[in-house]
There are 2 protein chains.
Amino acid sequence: MTKGFINYRRVLIVGLGMIGGSYAQKLSSLGFEVGALARRQETLDFALEKGYIAHGQVEVTREYVSQFDLVVFALYPKAFVAWVERYQDYLKEGAVITDVTGVKRAVVPAVQEMLRPDVEFVPSHPMAGRERSGVEYADSHVFDGANFIITPTEKNTPEGIELVRTLGCILGFRNIAVLSIEAHDEMIGFLSQLTHCIAVALMDCKESEHLAEYTGDSFRDLTRIARINENMWTELFLENRDELLSQMDLFLAKFSELRDALARGDEKTMKEMMRLSTYRRSFFDK
Amino acid sequence: MTKGFINYRRVLIVGLGMIGGSYAQKLSSLGFEVGALARRQETLDFALEKGYIAHGQVEVTREYVSQFDLVVFALYPKAFVAWVERYQDYLKEGAVITDVTGVKRAVVPAVQEMLRPDVEFVPSHPMAGRERSGVEYADSHVFDGANFIITPTEKNTPEGIELVRTLGCILGFRNIAVLSIEAHDEMIGFLSQLTHCIAVALMDCKESEHLAEYTGDSFRDLTRIARINENMWTELFLENRDELLSQMDLFLAKFSELRDALARGDEKTMKEMMRLSTYRRSFFDK
């Protein structure tokens, strides 16, 4: 069976949270037949009512799973690996599976090594989300203009990679990049996990209810992501612990450099650090 | 002369940068006669052409300055103190002056102690700005919905405070708060200066031009203010050094707590910190 996208009309979303729900919403709107596996019937009922899915189940059955050509896992890292371990026999012959997992070294080798040879896992990571969990917050517009990263390994085929690239494209992502799993985890440790750690720590510094009436936009922007799903992010941090610790230590060193320059009244260093940050930030304006 | 706002039809803006220009723009649009002192003729020409001011000068003369009932100083801290020292004799009898300075202990006692007894200085701080400098970036909409802080001392009169409160109000600020100069500097050290330090340090961590294509919104939000006017902020940081160092150390301790919890795999502490940040952040949604 060729892996051209047109052959993948039936897509299964495993895990109907904010991201899984947004995938379902967008793919249904494009005419795909989208099925879903969720833990709670209410989740399926909501998605059915909204038209995000055509059908869904809470039980994982061979009869249901084996109907799908493309399966998207929108689960936490450990739950994803455990699902594949337990149910991979149910997958259709020749199916392609992908994921949305925010860490890659912890899931990609584990899944690819145990996976049946007739099923291909093409790992990907949509760099988008919201500060809310659950299918009620599904909104495929979060993908518009966002980045989508594919992290293939030598186990992947050009056709499989092309299929997932097309998936990212039709979901609305602006930029589709390819990285190794190591480069992904380093980059995500810096750009995403470190920033969440900073936001959490900053928000935890003070009892701050009354501060809302004095704040400008800076504090609001820096702490937006301090509203965080603690179960998901704790798992993501622990599954990328070595990389995240490196990135946190790098930031600690840089922040301390600025602190120490201030302490000794070293204007020159302070200004140099600000000129550098100004220069570098200019590349990030959308 | 009563200090009712209606008597203050002629307003002088000293320093036509982004903030001074925005004050001028808004006050002119409301029908005030706005004059300006700027360092460069081009600045005045731009503001005249845009209708932000009715007239302006590059030289500071008694004849010009003495025409104004209300004077707003939109200068850096040291330049503001130096201006008052040098030119306060030119101020009109009974004039009220205010400022926009982002640090208060460094300017308020110095100015109030040397000021002529017939002129009142009511310190204030508009909590709004942009990542750009100069009158070309003036835009009074940045005040809409923002916070305005008045930091009076025992040298101020109820009428003077009321006048500056009215100024904040007509400029479009949503919330007008009154704080002591000490409470202001502590609060601003935490909410504004610390956040700028974090953004600068984060942006300085890595050569990151290529990272723009992988980033989600988190990094973009956390580093928006890393685009910074290094001369102004270095002066503001140094003029609030003790407070800012305390706030930086508080953040360092909290960030290190999260780092160490991650290092030892302490899920419980990590989740507690995230639950706290989620709870506290909920008060900041606009």
Side-chain angles (χ1 to χ4, degrees), chain A residues 127-128 147 149 175 177 187 190-192 195 197-198 200-206 208-209 211-216 218-228 230 233-234 237-238 241 244-245 248 250-251 254-255 258-259 262-263 265 267 270-271 273-278 280-281 283-284, chain B residues 127-128 147 149 175 177 187 190-192 195 197-198 200-206 208-209 211-216 218-228 230 233-234 237-238 241 244-245 248 250-251 254-255 258-259 262-263 265 267 270-271 273-278 280-281 283-284:
Chain A
M127 297 279 291
N147 295 319
I149 302 170
N175 183 51
M187 190 272 298
F190 180 65
L191 289 177
S192 169
T195 52
C197 289
I198 289 171
V200 168
L202 179 59
M203 201 72 236
D204 282 357
C205 279
K206 297 199 184 206
S208 49
E209 289 177 41
L211 292 179
E213 53 191 293
Y214 306 121
T215 186
S218 325
F219 189 81
R220 203 169 259 122
D221 280 2
L222 261 79
T223 56
R224 180 179 60 81
I225 53 175
R227 193 160 187 162
I228 193 170
E230 78 267 18
W233 284 93
T234 296
F237 288 177
L238 287 168
R241 177 158 31 165
L244 178 53
L245 284 172
M248 290 179 92
L250 176 66
F251 172 73
K254 211 36 101 171
F255 186 82
L258 182 56
R259 183 217 171 277
L262 173 66
E267 282 186 50
M270 292 171 70
K271 288 184 184 176
M273 289 187 74
M274 293 185 201
R275 271 193 295 271
L276 181 61
S277 70
T278 299
R280 287 188 174 164
R281 183 57 176 73
F283 294 94
F284 282 79
Chain B
M127 297 280 292
N147 295 318
I149 302 171
N175 182 53
M187 191 272 300
F190 179 66
L191 288 176
S192 169
T195 52
C197 290
I198 289 172
V200 167
L202 179 59
M203 201 73 235
D204 282 356
C205 279
K206 297 199 185 208
S208 50
E209 288 177 42
L211 291 179
E213 53 192 293
Y214 307 120
T215 187
S218 325
F219 189 81
R220 202 170 259 120
D221 279 2
L222 260 80
T223 55
R224 180 179 60 83
I225 53 176
R227 194 158 186 162
I228 194 169
E230 77 268 18
W233 285 94
T234 297
F237 288 178
L238 287 168
R241 175 157 34 164
L244 178 53
L245 284 172
M248 290 179 91
L250 177 65
F251 172 75
K254 213 32 103 172
F255 186 82
L258 182 57
R259 184 216 171 275
L262 174 66
E267 282 186 49
M270 292 170 70
K271 288 184 184 177
M273 290 187 74
M274 293 185 201
R275 271 193 295 272
L276 180 62
S277 70
T278 298
R280 286 188 174 164
R281 183 58 176 76
F283 293 95
F284 281 79

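With a threshold of 4.5 angstrom between heavy atoms, B:Ile149 approaches chain A through side-chain atoms but not through N, CA, C or O. Contact of A:Ala128 with chain B is not made at all, since no heavy-atom distance falls under 4.5 Å. Proximity to chain A is limited to the side chain of B:Met187, based on heavy atoms less than 4.5 angstrom apart. For A:Leu211, the parts sitting under 4.5 Å from any heavy atom of chain B are the backbone and the side chain alike.
In terms of heavy-atom pairs under 4.5 angstrom with chain A, the leader among B:Ala263, B:Cys205, B:Gly265, B:Cys197 is B:Cys205. The greatest number of non-hydrogen atom pairs below 4.5 Å with chain A, out of B:Lys206, B:Arg227, B:Glu267, is found for B:Lys206. Chosen from A:Trp233, A:Phe251, A:Phe237, the residue pairing most often with chain B at heavy-atom distances under 4.5 Å is A:Phe251. Counting heavy-atom pairs closer than 4.5 Å to chain B, the top residue among A:Ile198, A:Leu244, A:Asn175 is A:Ile198. The most heavy-atom pairs under 4.5 Å with chain B, out of A:Met273, A:Met270, A:Glu230, A:Met127, come from A:Glu230.
Just one of A:Met274, A:Arg275, A:Arg280 meets the side chain to side chain contact (heavy atoms under 4.5 Å, CB included) condition when paired with B:Val200; it is A:Met274.
Taking all atoms of both residues into account, the shortest heavy-atom contact from A:Arg259 to B:Leu245 is O-CD2, 3.6 Å. In this structure, B:Thr195 and A:Ser218 approach most closely via the heavy-atom pair OG1-CB, 3.5 Å. A:Asp204 and B:Lys254 make their closest contact through O-CE, 3.5 Å (heavy atoms, listed as atom of the first residue, atom of the second, distance).
In this structure, B:Arg220 CZ and A:Leu191 CG are separated by 10.0 Å, a value rounded to the nearest 0.5 Å.
B:Thr223 pairs by the side chain to side chain contact (heavy atoms under 4.5 Å, CB included) definition with A:Arg281, B:Leu202, B:Met203, B:Phe219, B:Ala226, not counting sequence neighbours.
One finds a salt bridge joining B:Arg224 and A:Asp221 here, because a Lys/Arg side-chain nitrogen approaches an Asp/Glu carboxylate oxygen to under 4.0 Å.
Checked against the 6.0 Å centroid threshold, B:Phe255 and A:Phe255 do not count as a close aromatic pair.
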